[in-house]
Number of protein chains: 2
Amino acid sequence: MLKLSRLTDYAAVVMAQIARHPQASHAAADLAETVQLPHPTVSKTLKMLVKAGLLTSQRGAQGGYRLARPASQITAADIISAIEGPVAMTECSQAQGECELAATCGVADNWQRVSLAIRTLLESVTLAHLAASAPIKLPVQLPIQSISLSAVSA
Amino acid sequence: MLKLSRLTDYAAVVMAQIARHPQASHAAADLAETVQLPHPTVSKTLKMLVKAGLLTSQRGAQGGYRLARPASQITAADIISAIEGPVAMTECSQAQGECELAATCGVADNWQRVSLAIRTLLESVTLAHLAASAPIKLPVQLPIQSISLSAVSA
DNA sequence: TAATTGGGTACCATTTTAGTCCTGTATAAA
DNA sequence: TTTATACAGGACTAAAATGGTACCCAATTA
């Protein structure tokens with residue numbers, strides 16, 4: 001399935017919600033309510049996002065969460081790696097040269113290129129895109145081109 | 001991590017191995033040996049690939065597995081979905097309109113576009129590419145462009 | 001100082017994944 | 001026709017990841 005974990009999904013939804021009201025401080029309970037998800041789980045997700053530096057938090061009354069930087073500067077890749085760790089399709093593609101099967105594998109190189117292309121794609125999609133209801137515009141296009149270019153040998 | 005399951009990884013490696021000797025019949029045991037993976041597991045993977053129509057099998061002595069069609073007509077997306085089911089980043093993106101949270105989600109649309117872009121990318125990478133040690137050439141480029149074009153609203 | 005709100009951690013239940021095994025069946029060669 | 005080979009299918013188990021919960025602590029503000 002090549003699927004995101006459910007928590008990552010939540011993270012995206014919550015981030016989008018915050019992005020739509022950037023100047024407000026969002027309490028975990030409020031967000032959970034708005035998004036119709038269990039509070040403790042949302043809370044857990046928020047903590048991970050803070051730790052990853054995508055959100056800032058403020059304790060105490062009137063506290064809550066805000067974006068650490070503008071939505072246009074937070075990417076889908078950021079959100080995914082905040083929850084799931086680095087975006088990589090295979091074990092190989094995160095840590096180079098640590099696969100004992102590399103010798104018999106014979107697929108690693110191009111698989112890593114594919115992985116890189118996906119990562120680049122995800123880096124080109126911002127939270128601003130996700131939060132907007134309008135279709136994603138051009139950014140999807142450029143980075144992939146540059147990848148395929150750099151990957152061309154001949 | 002947005003990671004492939006290990007079995008999918010195996011599948012790619014095994015498929016590539018078969019693709020490199022397309023005219024031979026490959027017994028599961030031989031493949032397992034070549035690829036340095038446990039036989040029963042490789043065997044299981046092969047069965048899934050047959051069921052998905054990517055390989056054909058021949059029983060009996062001198063039997064084994066062959067590609068069901070040329071490596072250039074088998075895509076990374078084929079292999080992935082043979083093992084993991086349809087390529088989709090979220091539950092949403094496989095079955096439209098079955099997400100009860102769609103109303104409060106507000107991310108579904110663009111998330112699905114991203115998912116589609118990834119699927120298209122994976123469909124543009126063939127087994128022939130994976131099996132070759134040479135870097136992937138142009139095909140990565142076109143489909144993504146066409147996506148971003150169709151996704152452009154303005 | 002009391003109420004609010006996030007921080008951290010530990011824990012548990014469930015599901016998924018990976019791997020194994022066994023029995024059956026088709027095929028080819030002797 | 002027999003025998004060895006090799007896939008088919010399914011059941012089963014062990015291990016790991018995932019998702020969700022609970023609890024207590026720390027910071028902030030009114």
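Below, read A as the first sequence line, B as the second, and so on, with proteins coming before strands; counting in each chain starts at 1. All values reported here derive from a predicted model rather than from experimental measurement.
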Could you tell me whether B:H26 contacts a base, only the sugar-phosphate backbone, or nothing, with contacts defined as non-hydrogen atoms closer than 4.0 Å?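 Answer is sugar-phosphate: B:H26 comes under 4.0 Å of backbone atoms only.
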Given [options], which nucleotide is nearest the side-chain atoms of [X]?
| X | options | value |
| --- | --- | --- |
| A:P38 | D:dT21, D:dA8, C:dG19 | D:dT21 |
| A:Q58 | C:dT27, D:dG19, D:dT29 | D:dT29 |
| A:V50 | C:dA26, C:dG6, C:dG7 | C:dG7 |
| A:K47 | C:dG7, C:dG19, D:dG19 | C:dG7 |
| A:A28 | D:dC7, D:dT21, C:dG6 | C:dG6 |
| B:Y65 | D:dT21, D:dA8, C:dT4 | D:dA8 |

Spacing between [X] atom [atom1] and [N] atom [atom2], to the nearest angstrom:
| X | N | atom1 | atom2 | result |
| --- | --- | --- | --- | --- |
| B:M48 | D:dA8 | CE | C1' | 13 Å |
| A:I83 | D:dG20 | CD1 | C1' | 14 Å |
| A:H39 | D:dC23 | NE2 | P | 14 Å |
| B:L55 | D:dA6 | CG | P | 17 Å |
| B:L37 | C:dT17 | CG | C1' | 16 Å |
| B:R6 | D:dA15 | CZ | P | 13 Å |
| B:L46 | C:dG19 | CG | P | 14 Å |
| B:K3 | C:dT16 | NZ | P | 16 Å |

Can you tell me whether the side chain of B:K44 and the base of C:dG19 have a donor-acceptor pair closer than 3.5 Å?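 Counting by modelled atom types and ignoring angles, a donor-acceptor contact under 3.5 Å is found here.
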Counting distance alone, no hydrogens or angles: does the base of D:dA26 have a donor or acceptor under 3.5 Å from a partner atom on the side chain of A:R59?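 Yes, the side chain and the base share a sub-3.5 Å donor-acceptor pair.
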Rounded to the nearest 0.5 Å, what separates atom [atom1] in [X] from atom [atom2] in [Y]?
| X | Y | atom1 | atom2 | value |
| --- | --- | --- | --- | --- |
| B:L4 | A:W111 | CG | CH2 | 5.5 Å |
| B:I83 | B:M48 | CD1 | CE | 4.5 Å |
| B:L55 | B:T45 | CG | OG1 | 10.5 Å |
| B:S72 | B:H129 | OG | NE2 | 9.0 Å |

Quick one: on DNA chain D, does A:L7 or A:A61 contact a more 5' nucleotide (nearest heavy atom)?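 By nearest-heavy-atom nucleotide position, the 5'-most residue is A:L7.
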Tell me which of A:L4 and B:S57 sits closer to the 5' end of DNA chain D, going by the nucleotide each one is nearest to.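 It is B:S57 whose nearest nucleotide is closer to the 5' end.
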Phosphate OP1/OP2 of D:dG20 contacted by A:Y10 side-chain N/O (<4.0 Å):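 Affirmative; the distance criterion is met.
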Is any side-chain N or O of A:S5 closer than 4.0 Å to OP1 or OP2 of D:dA17?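 No, because none of the side-chain N or O atoms of A:S5 sits under 4.0 Å from OP1 or OP2 of D:dA17.
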Is it true that A:K3 and A:D9 have a side-chain N and a carboxylate O under 4.0 angstrom from each other?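 Looking at A:K3 and A:D9, the cut-off is not met.
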More 5' along DNA chain C: A:K51 or A:G60, using each one's nearest nucleotide?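 That would be A:G60.
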Could you check whether A:T8 and A:E84, counting side-chain N and O atoms only, form a donor-acceptor pair closer than 3.5 Å?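 Judged by distance alone, the side chains do pair up.
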